[in-house]
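Take a look at the structure set out below.
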Amino acid sequence: MAQWSTVQLRHSLARPRPGAVLPDQGHKLLTADDLDYAHTEGLDVWAYTPLINGGYVRPDKPLPEAYAHPGTSRVLGALDEITVETRATRNQVVLAWLLRQGIRPIVGVSSLAQLDEAVDAVDVPLEDGHMARLADAR
């Protein structure tokens, strides 16, 4: 019998307000319990929609209303500081943040430049201090 090897859930640095309705409702967000279970069971964790459909970088596609709360403002502030310190883009820092936690991001791209940006996230030098600041902001 084949064993399960992976769990795939929606996850990103910014989080929606508790109980907020997402535009594509029905998708399950990764929780701390899900992550703990996956680690306990030896499952890989894949995160989809990690860049929230361009919401971190595209003025024409801002973060959905469900993300409008003080926590998002704190996260974006910390994210912007870290982009300056690491010389990375917002998207790259978000992807590097996931990778540092052993979470594999699933990204969709529309151009070779977006693919290059995503692939280069593996080289973003996120340090423990950066991770702590992002955790505090969340």
Would a distance-only check, ignoring hydrogens and angles, find a side-chain to backbone donor-acceptor pair under 3.5 Å from [X] to [Y]?
X    : Y    : result
Q92  : E117 : yes
D34  : T31  : yes
T49  : I52  : no
H130 : E127 : yes

For [X] against [Y], the heavy-atom pair lying closest together:
X   : Y   : value
Y56 : L79 : CD2-CD2, 3.8 Å
L98 : P50 : CD1-CB, 3.5 Å
R15 : H69 : O-NE2, 2.7 Å
A47 : H11 : CB-CB, 3.8 Å

Give, for atom [atom1] of [X] and atom [atom2] of [Y], the distance between the pair rounded to the nearest 0.5 Å.
X    : Y    : atom1 : atom2 : result
T6   : R104 : OG1   : CZ    : 7.0 Å
R58  : N91  : CZ    : CG    : 10.5 Å
W46  : L30  : CH2   : CG    : 14.5 Å
L95  : S12  : CG    : OG    : 8.5 Å
Q3   : L43  : CD    : CG    : 9.5 Å
L134 : L126 : CG    : CG    : 7.0 Å

Hey, mind stepping through E65 and R17 against side chain to side chain contact (heavy atoms under 4.5 Å, CB included) and telling me if it holds?
CA-CA 9 Å; E65 177 62 28; R17 284 185 316 275; 4.2 Å; yes

Indicate, with yes or no, if [Y] and [X] share a hydrophobic cluster defined by side-chain heavy-atom contacts under 4.5 Å among Ile, Leu, Val, Met, Phe, Trp and Tyr.
X   : Y   : result
V84 : V93 : no
W97 : L35 : yes
V45 : L9  : yes
L13 : L99 : no
V94 : L76 : yes

Are side-chain heavy atoms of E85 and R133 found at a separation under 4.5 Å?
yes

Residues R100, D128: salt bridge by 4.0 Å N-O rule:
yes

Below 4.0 angstrom, N of the basic side chain to O of the carboxylate: do D136 and R74 qualify?
no

Going by atom types alone, do T83 and D80 pair a side-chain donor with an acceptor below 3.5 Å?
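Short answer, no.
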
Hey, mind stepping through D44 and V7 against side chain to side chain contact (heavy atoms under 4.5 Å, CB included) and telling me if it holds?
CA-CA 6 Å; D44 288 337; V7 61; over 6 Å; no

Applying the side-chain contact (heavy atoms from CB on, under 4.5 Å) criterion to R90, which one of I82, L51, V57 satisfies it?
V57

